[in-house]
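To start, the structure under review is shown below, and the notes come after it.
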Amino acid sequence: MRILITGANRGIGRALFDAYSARGDAVTGTARKTGGLLPLDVTDPDSVRAMADAVGPAPLDLLVCNAGVYLDKGQPLPSGYPADMWAATFAANVTGVFLTVQALLPNLRIAKGRIAILSSIMASDTRAPGGSYIYRASKAAALNLGRNLAVDLKPDGIAVGIYHPGWVRTDMGGSGADIDMETSASGLMARFDALSPATTGCFEDYAGRAIPF
């Protein structure tokens with residue numbers, strides 16, 4: 001299977017990259033600071049175009065939109081959440097997803113491939129404990145983006161799924177999180193393998209549990 005994973009230099013993206021490589025898939029990983037990976041800054045349209053040029057016309061079976069940021073953790077409501085933090089977060093977590101999908105649509109159409117968008121349970125309207133306003137809003141927007149892409153791309157045979165990786169012990173998730181990266185990656189891979197036009201638009205966690213919108 002031919003796979004491209006954005007943000008594959010660390011965390012869940014790296015765990016997915018390593019697991020797919022071990023499985024024998026032809027996997028390409030991207031990162032802003034390359035470290036041997038394909039260079040890509042999802043917030044820079046020129047970088048996205050250069051990435052697509054580097055990939056060329058090859059079919060793509062699975063695109064994993066994993067690259068993202070969580071900049072507003074712990075921000076105080078009265079004085080935090082500055083405008084530039086909103087802009088930077090949405091550029092990475094929402095616009096970056098769209099630009100990447102748009103740039104690789106020819107490759108996905110050839111393969112009738114799949115798109116996996118890493119969102120979060122924090123995107124759900126039914127889960128609103130307060131705080132992290134920017135991150136929550138960006139992941140809700142990524143969910144909405146994925147749901148609408150699922151409708152528009154279904155006639156092309158391209159399935160789109162939106163996924164919560166779990167609360168994972170990474171730099172973003174922290175050391176007190178519930179599961180390790182390997183558990184998340186294994187579960188996500190099973191979800192991606194099961195994604196089809198019949199399930200397009202799904203919003204699930206790494207274990208396959210449906211998440212209310």
- Smallest separation among heavy atoms of Tyr206 and Ser184, with atom names: CB-O, 4.0 Å
- What distance do Leu149 atom CG and Lys154 atom NZ have between them, rounded to the nearest 0.5 Å? 14.5 Å
- Examine distances only and state if a side-chain atom of Thr199 and a backbone atom of Leu195 form a donor-acceptor pair shorter than 3.5 Å. no
- Task: Over 60° means perpendicular and under 30° means parallel, so classify the ring planes of Tyr133 and Tyr81, tilted if in between.
- Result: perpendicular
- Using a 4.5 Å cut-off on heavy atoms from C-beta on, say whether the side chain of Ile134 contacts that of Gln75. no
- Message: For a quick check under 3.5 Å, do Asp18 and Ser21 share a side-chain donor-acceptor pair by atom type?
- Response: no
- Message: Which heavy atom of Gly13 sits nearest to which heavy atom of Ile5, and what is that distance?
- Response: O-CG2, 4.1 Å
- Are side-chain heavy atoms of Thr30 and Val42 found at a separation under 4.5 Å? no
- Looking only at atom types and distance, does a side-chain atom of Lys112 sit under 3.5 Å from a main-chain N or O of Ala159, one as donor and one as acceptor? no
- Item | side-chain contact (heavy atoms from CB on, under 4.5 Å), paired with Pro212, selected from Thr126, Asp125, Ile121 | Thr126
- Query: How many angstroms lie between CD1 in Ile162 and CZ in Arg191, if you round to the nearest 0.5 Å?
  - Reply: 14.5 Å
- Item | Separation between CG of Leu16 and CG of Leu62, rounded to the nearest 0.5 Å | 9.0 Å
- Where the side chain of Arg109 meets the backbone of Leu153, is there a donor-acceptor pair that is under 3.5 Å apart? no
- Answer yes or no: is there a donor N or O on one side and an acceptor on the other, between the side chain of Ser138 and the main chain of Tyr135, under 3.5 Å? yes
- Query: Could you state the interatomic distance from OG (Ser120) to CG (Asp205), rounded to the nearest 0.5 Å?
  - Reply: 11.0 Å
- Message: Please report the interatomic distance CZ(Phe98) to CD1(Ile117), rounded to the nearest 0.5 Å.
- Response: 10.5 Å
- Return yes if a side-chain donor-acceptor contact under 3.5 Å exists between Ser132 and Tyr70, otherwise no. yes
- Taking all non-hydrogen atoms of both residues into account, name the closest pair between Arg114 and Phe192 and its distance. NH1-O, 2.6 Å
- Do other residues, nucleotides or ligands put more than 12 heavy atoms under 6.0 Å from the CZ atom of Arg2? yes
- Item | Residue pair Met85 / Thr89: nearest heavy atoms and the distance that separates them | O-OG1, 2.8 Å
- Query: Roughly how far, to the nearest 0.5 Å, is the CG atom of Asp41 from the OG1 atom of Thr6?
  - Reply: 11.0 Å
